[in-house]
Amino acid sequence: MKTDVLIIGGGVIGASVAHQLARYNLDIILVEKASDVCMGTSKANSAMIHSGFNIDGGTLKGQLVLAANKVIKQLCQDLKVDLVKPLGSITVGFEETDLEKMKKTMENGIKNGIQGMKLLNQTELHEMEPHLNPDAKYGLFEPETGIINPFEYTVALAENAVINGAKVLLDTEVLDIIIENKTVTGVKTNKGDIAAKIIINAAGLYADKIAAMVEDIDFEIKPRKGQYFLYDKKWRDILTYTIYSALTKVSKGMIVVPTIDGNILAGSNAEAVEDKTDLRTTAQSLDQIYTSTISNLFPELPRMGDVITTFTGLRASSTNEDFIIESAKTVKGFINAAGIQSPGLTSAPAIAAMIEGLVRAENMDLDFSPKANYEKGRQAPVLLSDLSYEERTALIEENPDYGEIICRCESISKGEIMDAIHRPIPATNMDAIKRRVRAGMGRCQGGFCGPKVLGILSKELGISPLEVTQKGNASFVLTSKNKELSLEEGDRNYEKIRV
């Protein structure tokens with residue numbers, strides 16, 4: 001197998017690069033070692049589109065987040081991705097020292113070109129967010145922060161690249177880079193060699209490992225763990241804006257933020273860890289986050305009960321704390337996109353444009369003429385919950401699968417799950433379905449719909465129920481056959497299978 005451009009990593013950066021380059025007459029292959037795109041840092045973050053008010057505009061990450069903000073709204077419209085921007089944010093303070101930090105942050109935001117920022121007194125603060133802790137005294141409002149679904153965004157970018165001819169190879173791990181005469185010529189993977197003229201390293205937490213296959217490097221990716229709370233939708237009206245706690249030395253502050261889907265997301269801390277697979281949550285850290293931030297900002301939010309789930313994300317922070325986007329120093333045809341931590345989700349379009357420039361500069365005899373039949377968008381997935389009663393009725397009459405609700409918590413139909421399995425990048429496991437259509441993301445966390453989703457996957461993929469996985473590889477949901485059970489309650493064919 002051979003290609004012009006090979007992209008390592010199926011997170012938001014790899015997907016953005018594939019989307020950016022797919023508009024040209026280039027052969028593109030994206031390889032991802034996991035069973036789906038958006039399986040690393042891109043799936044576990046604050047889901048915020050940062051305005052750049054609290055970013056150092058002199059850094060590469062600062063320059064790129066400001067550049068991306070000029071194009072991301074149109075990009076999401078083209079890809080039919082839900083984006084709430086502007087939403088706005090409020091940084092909340094309790095002490096005089098917090099106010100002094102806010103003044104400096106406001107000066108920084110104005111320097112970065114953010115308009116409409118305002119310092120809030122206690123009365124103004126509580127008029128805007130009446131459920132805040134009454135002891136909160138100061139606020140800094142900025143109007144441009146947004147929110148997005150990072151799964152939907154990453155999948156949409158990758159799907160558009162596939163629609164325009166790119167290939168996405170999942171469960172494909174890069175084992176080594178092939179180099180001849182100080183020029184990359186391809187990669188060795190667990191599924192065979194792939195020849196390539198250009199290799200782009202967007203491997204997230206493992207970008208340093210991939211880069212070190214090519215040359216000696218002067219950076220290291222150090223995971224920084226952040227733990228989150230996700231609250232039931234019953235709390236959606238407790239806040240209007242994204243809420244920041246006061247700035248800290250290692251982060252822009254913890255957040256309490258409304259999500260695109262109506263939940264409340266709160267967290268996260270910033271804990272340096274060595275293990276790049278350490279996704280454990282700990283009671284100690286969660287208690288600390290709740291006590292120091294969540295209950296301090298919104299005393300009504302409970303520690304347990306209405307917390308649907310807690311989870312961990314790992315930031316791919318580099319040792320220099322900035323994005324590393326550059327060509328290899330000693331080898332031709334290799335480009336790094338490393339150290340992409342916050343605000344990487346926001347910056348992705350600008351990062352992709354910068355990488356296009358680096359690819360062009362490699363002068364590897366590539367055809368950058370625009371595709372004559374390029375499609376800038378994609379067909380939006382059916383979202384039953386967004387349709388009017390009349391639209392739902394017409395859709396169900398055309399396809400009764402949309403009338404069969406599989407996930408009661410999120411009101412997800414069988415038709416939506418079937419669509420996810422057959423999209424340009426198909427959902428082939430339980431978590432992939434969960435990320436695309438939210439079946440299993442509700443209050444019961446898949447307790448009701450899990451067996452039904454498993455049955456649909458088994459039937460549509462033509463595999464035994466014992467072969468259905470939670471997240472690919474050997475993460476089988478079922479371990480052995482036991483006795484005859486009806487896998488799908490109310491199955492129209494009353495089919496019995498052995499599980």
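When reading the values below, keep in mind they use all heavy atoms of this one structure, side chains included, and skip hydrogens, waters and symmetry mates. Everything numeric here is computed off the predicted structure, so don't read it as measured data.
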Answer with yes or no whether the side chains of S369 and N25 bring together a donor and an acceptor at under 3.5 Å.
yes

Please indicate whether K471 has more than 12 foreign heavy atoms, meaning atoms of other residues, nucleotides or ligands, lying under 6.0 Å from its NZ.
no

Does atom NZ of K111 have more than 12 heavy-atom neighbours from other groups under 6.0 Å away?
no

Does a donor on one side chain and an acceptor on the other come within less than 3.5 Å for K85 and N69?
yes

My understanding is that only one of L6, I8, L21 makes a side-chain contact (heavy atoms from CB on, under 4.5 Å) with I200; could you say which?
L21

N201 (side chain) donor-acceptor with A207 (main chain) under 3.5 angstrom
yes

S327-E362 side chain donor-acceptor pair, cut-off 3.5 Å:
yes

Candidate list K222, R224, R315, test salt bridge (Lys or Arg N to Asp or Glu O under 4.0 Å), partner E321, passing option
R224

Neighbour count above 12 (heavy atom, 6.0 Å) for R360 CZ
yes

Any salt bridge linking K434 with D36? Criterion: basic side-chain nitrogen under 4.0 Å from a carboxylate oxygen.
no

Check whether the side chains of S35 and D171 place a donor and an acceptor atom closer than 3.5 Å, and report yes or no.
no

Surrounding CD of Q445 (heavy atoms of other residues, nucleotides or ligands, distance under 6.0 Å), is the total greater than 12?
yes

Could you label the plane-to-plane angle of the Y244 and H50 rings as parallel, tilted or perpendicular, counting under 30° as parallel and over 60° as perpendicular?
tilted

Decide, yes or no, whether a salt bridge links D306 with R443 under the criterion of side-chain N to carboxylate O below 4.0 Å.
yes

D232 vs K234, test: salt bridge (charged side-chain N to carboxylate O under 4.0 Å, His left out). Steps then yes/no.
CA-CA 5 Å; D232 189 274; K234 66 183 286 186; over 6 Å; no

Working to the nearest 0.5 angstrom, can you tell me the gap between K43 NZ and L345 CG?
14.0 Å

Look at R280 together with D275 and state whether they make a salt bridge at an N to O cut-off of under 4.0 Å.
no

S347 side-chain N/O to A350 backbone N/O, donor-acceptor pair under 3.5 Å:
no

Are the side chain of H126 and the backbone of A136 linked by a donor-acceptor contact shorter than 3.5 Å?
yes

Checking Q115 against E144: is there a side-chain donor and acceptor pair closer than 3.5 Å?
no

Please answer whether the main-chain N or O of M254 pairs with a side-chain N or O of S245 as donor and acceptor at a distance below 3.5 Å.
yes

Within this structure, what is the CG-CD distance for the pair L83 and E152, rounded to the nearest 0.5 Å?
10.0 Å

Check the surroundings of atom NZ in K371: do more than 12 heavy atoms from other residues, nucleotides or ligands lie under 6.0 Å from it?
yes

For a quick test of reading the model, state the closest non-hydrogen atom pair linking R438 to N263 and the distance between them.
NH2-OD1, 3.1 Å

Taking every heavy atom of A348 against every heavy atom of V12, the minimum-distance pair comes out as CB-CG2, 4.0 Å

Show, in sequence, the C-alpha distance, side-chain angles and deciding distance for Y290 and T310, and conclude whether the side-chain contact (heavy atoms from CB on, under 4.5 Å) test is met.
CA-CA 12 Å; Y290 180 76; T310 58; over 6 Å; no

Short side-chain donor-acceptor distance under 3.5 Å, D419 and Y402
yes

May I ask you to check whether Y241 and F141 place their ring centres under 6.0 Å from each other?
yes

So, taking the atom named CG in L64 and the one named CG in L60, what distance separates them when rounded to the nearest 0.5 Å?
4.5 Å

Donor-acceptor pair, side chain of D78 and main chain of L75, under 3.5 angstrom:
no

NZ/K276: more than 12 non-hydrogen atoms of other groups inside 6.0 Å
yes

Do K329 and E215 sit within salt-bridge range, that is, some charged N less than 4.0 Å from a carboxylate O?
no

Counting C-beta onward and ignoring hydrogens, is there a side-chain heavy-atom pair between V174 and Y206 closer than 4.5 Å?
no

Ion pair E124/K118, N-O distance below 4.0 Å
yes

Hey, is CG on D365 packed in by over 12 heavy atoms from elsewhere, all under 6.0 Å?
no

OG of S89 to CD1 of I147: how many Å apart, nearest 0.5 Å?
12.0 Å

Polar side chain donor-acceptor pair, S285 to Q288, under 3.5 angstrom
no

Which atom pair, heavy atoms only, marks the closest approach of A338 to I221?
CB-CD1, 4.3 Å

Would you check if the side chain of R378 reaches a backbone N or O of L79 as a donor-acceptor pair within less than 3.5 Å?
yes

Apply side-chain contact (heavy atoms from CB on, under 4.5 Å) to I72 and Y153, showing your working.
CA-CA 11 Å; I72 195 167; Y153 181 43; 3.8 Å; yes

Cut-off 3.5 Å, side chains only: do D261 and T259 have a donor facing an acceptor?
no

Please determine, by modelled atom types, if Q470 and D431 share a side-chain donor-acceptor pair under 3.5 angstrom.
yes

Pairing of R23 and E375 as salt bridge, 4.0 angstrom limit
no

Got a donor-acceptor contact below 3.5 angstrom from the T59 side chain to the G62 backbone?
yes

Any donor-acceptor N/O pair, N112 side chain to N54 backbone, under 3.5 Å:
no

Are S318 and E220 linked by a side-chain donor-acceptor pair shorter than 3.5 Å?
no

Do L395 and V382 touch side chain to side chain, with heavy atoms closer than 4.5 Å?
yes

Give, for atom CG of L301 and atom CZ of F229, the distance between the pair rounded to the nearest 0.5 Å.
10.0 Å

Answer yes or no: are there more than 12 heavy-atom neighbours, outside K209 itself, under 6.0 Å from its atom NZ?
no

Spell out, as yes or no, whether a donor-acceptor pair under 3.5 Å connects the side chain of R392 to the backbone of L384.
yes

Tell me, with the steps shown, if V92 and L297 meet side-chain contact (heavy atoms from CB on, under 4.5 Å).
CA-CA 8 Å; V92 176; L297 290 171; 3.8 Å; yes

Does K103 come within less than 4.0 Å of E100, counting only side-chain N to carboxylate O?
yes

Given 3.5 Å as the limit, does a donor-acceptor pair link the side chain of K225 with the main chain of T312, or not?
no

Nearest 0.5 Å please: distance from the CG atom of N164 over to the NZ atom of K376.
12.5 Å

Could you walk me through whether T240 and M128 pass the side-chain contact (heavy atoms from CB on, under 4.5 Å) check?
CA-CA 8 Å; T240 300; M128 294 179 73; over 6 Å; no

With side chains defined as the heavy atoms from C-beta onward, is the minimum distance between P343 and F323 less than 4.5 Å?
yes

